[in-house]
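See structure below.
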Number of protein chains: 2
Amino acid sequence: MDIKLLVVDDDPAICELLRVYFEKEGCKVKVAQDGAEALNYFKLYEPDMVLLDVMMPKKDGWQVCREIREISQKPIIMVSAKSDTIDKVVGLELGADDFVVKPFDLKELSARIKAVMRRYSAHAKTGDDEVIRFDNLEISLQKYELKLKGKPVDIPPKELELLYFLASNCTRVFTRDQLLDKVWGFDYLGDSRTVDVHVKRLREKLKDVSDKWVLKTVWGVGYKFEVLQ
Amino acid sequence: MDIKLLVVDDDPAICELLRVYFEKEGCKVKVAQDGAEALNYFKLYEPDMVLLDVMMPKKDGWQVCREIREISQKPIIMVSAKSDTIDKVVGLELGADDFVVKPFDLKELSARIKAVMRRYSAHAKTGDDEVIRFDNLEISLQKYELKLKGKPVDIPPKELELLYFLASNCTRVFTRDQLLDKVWGFDYLGDSRTVDVHVKRLREKLKDVSDKWVLKTVWGVGYKFEVLQ
DNA sequence: TAACAATGTTCACAAAACCTTTACCATTAT
DNA sequence: ATAATGGTAAAGGTTTTGTGAACATTGTTA
């Protein structure tokens, strides 16, 4: 990975960790400790990508993200301690390209950086609205919207994310633990029966919508989005 | 939670507390009181996860973590009295999977163990879809699906696993005990007639599906998936 | 700030699916 | 013929899942 990286975090230990790791990966790394410094370095240093912590004194990550977006479309990955869905949405709305939750796995972060760079260089601006479609079903992550039989239906974020994940990996079975991992996040602490309840509520909403697909229980294993016929 | 746990702490009271608690949770627990002992037990006992105290006489937790990482990728949770960020960063850099601060809440610790195990097992098998195919027969472990003559057929997990095993080792005979071993698990305690019943139910489902293979009884020995012609 | 609404999580119990054992009969080998 | 082995139906018993309701959390509004 041969890119210029700007790391923005008020915690020197984390900055140092990231610097060491990504220099070993072959990146050039510049570090900024607060929002103002970040903006200065961004203009001077012209990095290929920004790793931006959300919680910082003075100017927070959202503000920095907004200001960078006024002058550049370079990819930004937000880093936060909160796994809050709203945060994720806010971040993506402000033009961030990805979102990583502390404590992060360095390997995963590295993979995400590569993925974002790939997207960025492939189509600098395709504005890819990732929409999943099946019979009478339409899910847009960009709009965070669910349409059944063509009509928008209110749905809580977690349910939407779960349905989106299952539908975009249709026919494949996932255990509850795998779903917690993929949808709730790898650092989620909680009961796997939570998945059951979300599936139950999804099924209520999806009842009588289509007979060409179904949220199926695979006994002893987990759930899958099954496509029929 | 059915895992083997290695607890490393120089305080016997804490070891005992953890041992009692996690045995009640269904784990097997081994205790080591210092770093050297920890490494020996790790090699001998082959635990699924290590709970590792940072501050210990002689060899400290960092050192133990480093040495375990030289021989294994098994998950490690570091336990420390300091909530210092530096500690956390160092720990994660050394390859620890999570970090818990004393005094800890047993429930939270338990939840973290589950979360780490989830991550670990999710990463461990980036399963390609291993599909078994014979005439009019298709078994996918990833989809947990059985197709006969191209059409999906509902089937309980044990039956699917048994058929999958036999078909993926076709023409070879297995005794009931071997099947219990391979399909049910080496620690399964039960009657070997259980296999008969599953074979019977499989045969019902597989009747009239194909004449190019068959679940055959090898008298006095066991069963095999036989390919004809 | 307090009350409220929406969402997410946990819990307990009911329901369903599945697995195992048992008993009895059929088949095979000697 | 008889002893050993396999097939099968049915009866529990166990595990897993569904579900309603309570509780917790978060964000919103008055």
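Quick note on labels: first sequence line is chain A, next is B, and so on, each numbered from 1. Computed from a prediction, not measured in an experiment: that's the story for all the values here.
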message: So does B:Val50 get a backbone contact from the side chain of B:Lys74, meaning a donor-acceptor N/O pair under 3.5 Å?
response: no

- request: Using whole Å, report how far CG of B:Leu160 lies from P of C:dA17.
  value: 18 Å

- line: Expected list for residues 204-225 of chain A near DNA chain D, using heavy atoms below 4.0 Å, is A:Thr217, A:Val218, A:Trp219, A:Gly220, A:Val221, A:Tyr223

- prompt: Between C:dC19, C:dG8, D:dG7, which nucleotide gets closest to the side-chain atoms of B:Arg176?
  reply: D:dG7

query: Once you build an axis from the first five pairs and another from the last five of the helix from C:dT1-D:dA30 to C:dT30-D:dA1, how far apart in angle are they, to 10 degrees?
result: 20°

task: Report the C-alpha separation of A:Leu39 and A:Ile68 in whole Å, then their side-chain angles, then the decisive distance to 0.1 Å, and conclude whether the side-chain contact (heavy atoms from CB on, under 4.5 Å) test is met.
output: CA-CA 7 Å; A:Leu39 281 162; A:Ile68 288 179; 3.9 Å; yes

message: Does anything in residues 190-229 of chain A form a ring-ring contact (aromatic ring centres under 6.0 Å, His included)? List the pairs, not counting sequence neighbours.
response: A:Phe134-A:Phe225, A:Trp184-A:His198, A:Trp213-A:Phe225

- request: Take atom CG of A:Leu179 and atom P of D:dT17, then tell me their distance rounded to the nearest Å.
  value: 12 Å

- prompt: Got a donor-acceptor contact below 3.5 angstrom from the B:Lys4 side chain to the B:Tyr45 backbone?
  reply: yes

- prompt: Do B:Ile132 and B:Leu141 come within less than 4.5 Å of each other through their side chains, counting heavy atoms only?
  reply: no

statement: Those residues at least two apart in sequence (or on a different chain) that pass ring-ring contact (aromatic ring centres under 6.0 Å, His included) with A:Phe165 are A:Phe174

Atom pair distance, as rounded to whole Å: CD in B:Glu161 and C1' in C:dC18: 12 Å

task: State whether the side chain of B:Glu159 and the backbone N or O of B:Pro156 hold a donor-acceptor pair below 3.5 Å, judged by distance alone.
output: no

message: OP1 or OP2 of C:dT9 versus the side-chain N and O atoms of A:Trp184: is any pair under 4.0 Å?
response: yes

field: 4.5 Å side-chain heavy-atom contact, A:Cys65 and A:Met78
entry: yes

task: Kindly say whether B:Leu215 contributes a backbone atom to a donor-acceptor pair with the side chain of B:Arg203 at under 3.5 angstrom?
output: yes

- prompt: Hey, is the main chain of A:Leu148 close enough, under 3.5 Å, to the side chain of A:Asn136 for a donor-acceptor pair?
  reply: no

query: Separation of B:Arg201 atom CZ from C:dC19 atom C1', in whole Å?
result: 7 Å

Integer-rounded Å distance: C:dT20 P and B:Asp196 CG: 12 Å

query: Who passes salt bridge (Lys or Arg N to Asp or Glu O under 4.0 Å) against A:Glu37, sequence neighbours left out?
result: none

field: Atom pair distance, as rounded to whole Å: CG in A:Leu162 and P in C:dG8
entry: 11 Å

Would you tabulate the nitrogen or oxygen pairs shorter than 3.5 Å linking the protein to nucleotides 11-14 of chain C?
none

message: So does B:Asp53 get a backbone contact from the side chain of B:Asp9, meaning a donor-acceptor N/O pair under 3.5 Å?
response: no

- request: Under 4.0 Å between any heavy atoms, over every strand shown, what does A:Lys200 touch: base, sugar-phosphate, or nothing? Just pick one.
  value: base

- request: Give a yes/no on whether any side-chain N or O of B:Arg203 is located under 4.0 angstrom from OP1 or OP2 of D:dG7.
  value: yes

- prompt: Whole Å only: how far is the CD atom of B:Glu159 from the P atom of C:dA17?
  reply: 14 Å

field: d(CG, A:Leu163; P, C:dT7) in whole Å
entry: 16 Å

